[in-house]
Protein chains: 2
Amino acid sequence: MSMKNVPDIVVGRLPLYLRALSFLGEEGRQVTSSQELGQKLGISPAQIRKDLSHFGEFGKQGTGYDIKYLSEQLRRILKVTEEREVALVGAGDLGRALIHYEGFAGKGFRIALVFDSNPQKIGQTIGPFEVLDSESIETIVADRGIEMAIVAVPASAAQDVVDALVRAGVRAILNYAPITVKVPAGVQVQYIDPVIHLQKMTYYL
Amino acid sequence: MSMKNVPDIVVGRLPLYLRALSFLGEEGRQVTSSQELGQKLGISPAQIRKDLSHFGEFGKQGTGYDIKYLSEQLRRILKVTEEREVALVGAGDLGRALIHYEGFAGKGFRIALVFDSNPQKIGQTIGPFEVLDSESIETIVADRGIEMAIVAVPASAAQDVVDALVRAGVRAILNYAPITVKVPAGVQVQYIDPVIHLQKMTYYL
DNA sequence: TATAGTATGTTTATAATTTCACAAACGCGA
DNA sequence: TCGCGTTTGTGAAATTATAAACATACTATA
């Protein structure tokens with residue numbers, strides 16, 4: 001239960017555990033086991049136990065894990081106990097879909113600001129948001145102390161947007177643009193590109 | 001250059017290499033090196049060379065890689081030389097965004113059919129598509145011989161949709177629903193869930 | 001209270017992945 | 001043509017990740 005130097009790959013699985021636990025909890029279940037979780041996720045029970053052991057002891061021998069308790073602990077470890085404000089850049093089709101997406105609720109995130117650079121979109125209202133000028137990212141995001149952002153702009157604009165976000169103090173970026181962006185050390189980037197995922201699969205067809 | 005038993009993790013990086021090469025090509029570049037590619041992708045040059053070595057010899061010592069040639073080879077290896085028809089299930093906000101997304105063009109994929117189960121949406125026209133009844137997935141997808149699908153429906157409907165797709169002969173599924181689905185051996189699933197990606201990052205904040 | 005059945009947390013072993021290091025080969029300029 | 005700087009492809013070494021195995025602890029039941 002070191003809590004220090006936990007491998008990235010382990011941290012990366014914790015959200016999956018949390019998601020599976022949420023489902024079990026919604027089904028009214030109280031207790032589960034590494035075996036059941038593993039089966040649901042396609043991960044070996046031993047691996048789940050080992051992953052969790054990096055952070056402490058959460059189960060009870062002979063019984064398993066209390067779903068509510070383990071969920072709380074994972075939320076604490078992942079620091080998603082409170083909802084964080086996230087800035088969204090890009091009010092195109094994807095941006096709109098993200099604005100209307102209900103899956104963020106209760107998972108630790110809430111879109112708080114929406115930016116776009118298209119003069120036709122600036123000032124428009126989308127859902128509960130007024131679209132702000134991307135030029136103001138640096139000031140507004142910094143003022144609000146927002147440290148996470150979602151980038152949903154074309155690849156050609158992504159690096160500039162990321163640069164502005166970084167200057168605004170953002171330290172974690174989810175990038176939907178199909179391009180690897182440069183960020184200074186200490187800023188994290190995750191990528192979502194459907195083409196990459198699809199191409200990974202065609203190899204096996 | 002075995003071509004057999006290439007690790008999954010290696011196959012998973014090939015699309016990234018291809019994407020980076022495409023950008024370089026669009027910039028008018030003719031030649032690159034494992035070092036340059038690695039720098040752009042945040043991957044070590046040695047790893048890139050080793051990954052490629054599973055499939056053959058594509059570079060020239062002292063020079064590097066011909067961008068056009070290596071791109072062609074990667075497309076061949078990944079089997080994305082022709083455009084494949086992809087069925088999209090779910091005509092909500094996300095489905096609409098995917099329909100209008102221009103990033104599939106030239107990358108090996110083309111959305112060919114759109115399904116939804118909402119009677120209000122069935123028959124509607126979205127872009128070039130008439131929305132078809134999800135009930136007909138099994139027959140229509142099978143008839144067209146489509147073997148890839150994108151699932152963009154709520155979590156509660158995802159497993160049923162996946163089951164129908166599998167019965168229709170689909171062997172590769174990109175799942176946007178935030179739930180791990182069960183599929184028979186031989187059917188691949190890739191997941192895209194922004195919450196998972198965001199939660200991976202908050203740990204480090 | 002004793003016993004059988006479970007499931008954890010951890011240690012040990014196995015497997016996979018990444019990095020290193022270097023010979024071989026190419027291009028270019030003198 | 002020779003030599004220098006460069007870059008590949010690859011086997012060996014180092015690192016990291018996964019799986020197996022097991023002692024311990026808990027529940028339930030008789």
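Hydrogens, waters and symmetry mates are skipped; everything else that's a heavy atom, side chains included, is used. Throughout, a chain's letter reflects where its sequence line sits, starting with A, and its residues are numbered from 1. Just so it is clear, the model here is predicted, and its values are computed rather than measured.
Residues from residues 20-43 of chain A lying near DNA chain C, meaning a heavy-atom separation below 4.0 Å, are A/S33, A/S34 in numerical order. Of the residues in residues 67-75 of chain A, none lies under 4.0 Å from DNA chain C by heavy-atom distance.
Taking all atoms of both residues into account, the shortest heavy-atom contact from A/L113 to A/F115 is CB-CE1, 3.8 Å. The minimum heavy-atom distance between A/K107 and A/V80, with the atom names listed, is O-CB, 3.8 Å. Contact detail for A/I99 and A/P128: the closest heavy-atom pair is CG2-CD, 4.4 Å. When all heavy atoms of A/I48 and A/S34 are compared, the pair lying nearest together is CD1-O, 3.7 Å. Listed here is the closest heavy atom pair of B/V11 and A/K200: CG1-O, 4.0 Å. Nearest approach of B/V183 to B/V187, heavy atoms of both residues: CG2-O, 3.5 Å.
Within 4.0 Å (heavy atoms only), B/P45 reaches no atom of the nucleic acid at all. A/I9 comes within 4.0 angstrom of sugar-phosphate atoms only, judged by non-hydrogen atoms across all strands, and of no base.
Residue B/Q47 has its side chain nearest to C/dT18 when only C/dT18, D/dT18, C/dT8 are considered. Considering only the side chain of A/A46, D/dA20 comes nearest among C/dT18, C/dG9, D/dA20. For A/R13, counting side-chain heavy atoms from C-beta on, the closest listed nucleotide (D/dT8, D/dA19, D/dT18) is D/dT18.
Distance CG (A/D51) to P (C/dT10): 13 Å, rounded to an integer number of Å. Across the protein-nucleic acid pair, A/E57 atom CD and D/dA23 atom C1' stand 14 Å apart, rounded to whole Å. At whole-Å resolution of the value, NE2 in A/H54 and P in C/dT11 are 12 Å apart. Per the geometry, CG belonging to B/D8 stands 17 Å off P belonging to D/dA17, to the nearest Å. Distance, B/R49 CZ to C/dA25 C1': 14 Å, rounded to whole Å. Rounded to whole angstrom, the span from the CG atom of B/L52 across to the P atom of D/dT8 amounts to 9 Å. Across the protein-nucleic acid pair, B/K50 atom NZ and C/dA21 atom P stand 15 Å apart, rounded to whole Å.
Terminal axes of the helix from C/dT1-D/dA30 to C/dA30-D/dT1 (five pairs each, C1' rotation axis) are separated by 10°, to the nearest 10°.
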With the criterion being N/O to N/O and under 3.5 Å, what pairs connect the protein with nucleotides 26-29 of chain C, and how long is each?
| residue | atom | partner | partner atom | Å |
| --- | --- | --- | --- | --- |
| C/dC26 | O4' | B/Q61 | O | 3.2 |

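Annotation: A/K79, atom NZ; neighbour count of heavy atoms from other residues, nucleotides and ligands within 6.0 Å is above 12. Heavy atoms from other residues, nucleotides or ligands lying under 6.0 Å from CD of B/Q35 number 12 at most.
When the side-chain nitrogen and oxygen atoms of B/S44 are compared with OP1 and OP2 of C/dT19, one or more of them lie within a distance under 4.0 Å. Distances shown here put every side-chain N or O of B/Y65 at or beyond 4.0 Å from the OP1 or OP2 atom of D/dT6.
By the 30° and 60° cut-offs, the orientation of the rings of A/Y203 relative to B/F55 is perpendicular.
Here the CG-CD1 distance, from B/L14 to B/I9, works out to 11.5 Å after rounding to the nearest 0.5 Å.
In this structure, A/R49 has no salt bridge (charged side-chain N to carboxylate O under 4.0 Å, His left out) partners at least two apart in sequence or on a different chain. Not counting sequence neighbours, the partners of A/A149 by the side-chain contact (heavy atoms from CB on, under 4.5 Å) test are A/A87, A/L165, A/V170.
Within the 3.5 Å criterion, the main-chain N or O of A/S136 finds no donor-acceptor partner in the side chain of A/D133.
Side-chain N/O atoms of A/Q47 and A/D51 include no donor and acceptor closer than 3.5 Å.
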